[in-house]
Amino acid sequence: MNVVGPGRTHVEVRHGSYHDSVTLLQVSSRLGALPDVAAAQVAMATPLNLDVLSSMGFELPATVPDDLLVAVRVDTAAPDPEGVVAQVLTGLEEALRPRRTGSDTGGSGEAAARTTAASLRRDPSPLVLVSVPGAHAATEAWDALDHGASVMLFSDNVSLADEVALKTAAADRGLLVMGPDCGTAVLGGVGLGFAGVVRPGPVSLVAASGTGAQHLMALLDLAGVGVRHCIGLGGRDLGAAVGGLGARSALTALASDEATELVVVVSKPADPEVVSQLEAHAAALGSELVWAVLGPDRPDLTAAAEVVLDRRGVPRPVWRTWGEVPVPGEPGLLRGLFAGGTLCDESMAIAARRLGPIASNVPLDDTSSALDASGPGALSAALTAAGHAVVDLGDDTLTVGRAHPMIDPTLRLEALAEAGADARVRVVLLDVVLGHGAHPDPAAAHGPAITSAVAAAARGGRALHVVVSLVGTAADPQGLSRQGEALAAAGAYVLVSNAQATAVATDLAEGRG
């Protein structure tokens, strides 16, 4: 173990101590929330993670990728910095301590299985969740398929060739491969990954979108319609290269599920030929389908949810809001700061119809400016020079070495403060996603930053509006109403419909009510 950086900065290297990225993201978020901690990152010493930590101002010793890095910065006002570091390290030990139960040893003292294949030989299962570095994820997925198990492939950075091969093999064996980069699934009412708590019901989703699926399920739940399954596909499935292999298998599986009465296909913009082929496949199966695929001239997710309600004979509700309706002022720039990629795409498409091309780090098409987010500080510099802009802060290039913004909002709070200081910006649009796996109290994390940004703009002689699309249900552990009320009290106008939130934000950018 090497330790450098005495005083208020502590960097520790633990040689040969591997932990998966999901665990480290959650641990970093937990440690960063401790009193008097200005920054805390726990990450494997990959080159990209080293770049991120260096950009945060940490001095790093020599490492290899198998090392675990622990980096802590203590708040300058803390009276006992050594005590704060000790508290962080104690919390780290507790978080990383192995939890051994009877199932770890099979009740006989046998050591825990080290591979997917060994685990399935000992304890067969119909489903395996794979969350390991992308370079090794396909190997574990193949082990699962070879032992008759379907796979939820949470890992990202899996090659396109591996994805196609895995999904082709799964289809031949009557199995499913959900992913790669499948962050959300619900199977028989049980949420996996980032998942909201939704009531059971007769609607199932086939989703090449994580937050898009969460948003649609939340809207259905709020209207009283329950969900049986949400089969995640990963964001590439409906593209031409994968050709809807996962969607085809999912539609086939749901067609034989008697409790599924209606299927909704949710996706970011998809390949039209793939959509056409899936429509024909669903028709041959006799499945009743609703399409919620974003794209030009296609309905938004709220409109798709309302189509589902119409099909189920459920009245369309007035979608809930919190806070005072903003009073428009002078026109100015729109800044969208999103944690959800699909919600980001939806908002860009809606806003662009009235504001023109929207700059983004994930532009919708060639007419939009691409914002550079390739290195430390690059996105901030790009936004400073941009016009209307909507960014996906959960994009892979911005989550290397740090928790996803649904877990750790630090990057978004920094961008919100910069928007508050930018005299050109009139409205900031945010998504806040609730549910298991997300931040335990996002309103507490975002509220002070919203209030501060609005106050900073006021000191500069201008009004800044903050509009929030709140994705969640009454049963989510964070509490939908509590979050909405707290965000509104901080100065935001809060809506449960992302499409409606975007329309309000666009009005404000144009200086209209």
Separation of [Y] [atom2] from [X] [atom1] (nearest 0.5 Å):
X	Y	atom1	atom2	answer
Thr506	Leu334	OG1	CG	6.0 Å
Arg426	His388	CZ	NE2	11.0 Å
Leu192	Met152	CG	CE	5.5 Å
Met44	Asp67	CE	CG	7.0 Å
Thr116	His136	OG1	NE2	12.5 Å
Leu430	Leu487	CG	CG	8.5 Å

Please name the pair of heavy atoms, one in [X] and one in [Y], separated by the smallest distance, quoted to 0.1 Å.
X	Y	answer
Ile407	Gly437	CG1-O, 3.4 Å
Arg335	Arg424	NH2-NH2, 3.3 Å
Asn361	Ala373	CB-CB, 4.1 Å
Ser131	Phe154	OG-CD2, 3.8 Å
Val496	His215	O-CE1, 3.0 Å
Ala339	Asp431	N-OD1, 2.7 Å

With a 4.5 Å limit on heavy-atom distance, are the side chains of [X] and [Y] in contact?
X	Y	value
Pro405	Leu411	no
Leu69	Gln41	no
Leu480	Leu434	yes
Val391	Leu371	yes
Pro269	Asp345	yes
Leu153	Glu163	no
Asp156	Pro180	no
Glu140	Val128	no

*Go through the steps to decide whether Val504 and Tyr493 satisfy the test side-chain contact (heavy atoms from CB on, under 4.5 Å), and finish with yes or no.*
CA-CA 9 Å; Val504 169; Tyr493 184 50; 4.1 Å; yes
Exam field: side chain [X] to backbone [Y], donor-acceptor pair closer than 3.5 Å:
X	Y	result
Ser155	Val132	yes
Asp221	Thr473	no
Arg236	Ala208	no
Arg320	Leu222	no
Arg8	Ala78	yes
Ser469	Leu495	no
Glu12	Val70	no
Asp36	Val84	no
Ser209	Lys268	no
Glu346	Leu301	yes

*Salt bridge check: are Arg482 and Asp441 linked by an N-O gap of less than 4.0 Å?*
yes
*Apply the test side-chain contact (heavy atoms from CB on, under 4.5 Å) to residues Leu96 and Thr23: give CA-CA distance (whole Å), side-chain angles for both, the deciding distance (0.1 Å), then the verdict.*
CA-CA 8 Å; Leu96 297 182; Thr23 297; 4.0 Å; yes
_For Cys182 and Leu233: C-alpha separation, side-chain torsions, deciding distance, then whether side-chain contact (heavy atoms from CB on, under 4.5 Å) applies._
CA-CA 6 Å; Cys182 176; Leu233 306 173; over 6 Å; no
*side-chain contact (heavy atoms from CB on, under 4.5 Å) between Phe338 and Leu429: does it pass, once the steps are laid out?*
CA-CA 8 Å; Phe338 279 83; Leu429 176 62; 3.7 Å; yes
*Test Ser347 against Asn498 for side chain to side chain donor-acceptor pair (under 3.5 Å), laying out the working first.*
CA-CA 7 Å; Ser347 290; Asn498 187 61; 3.2 Å; yes
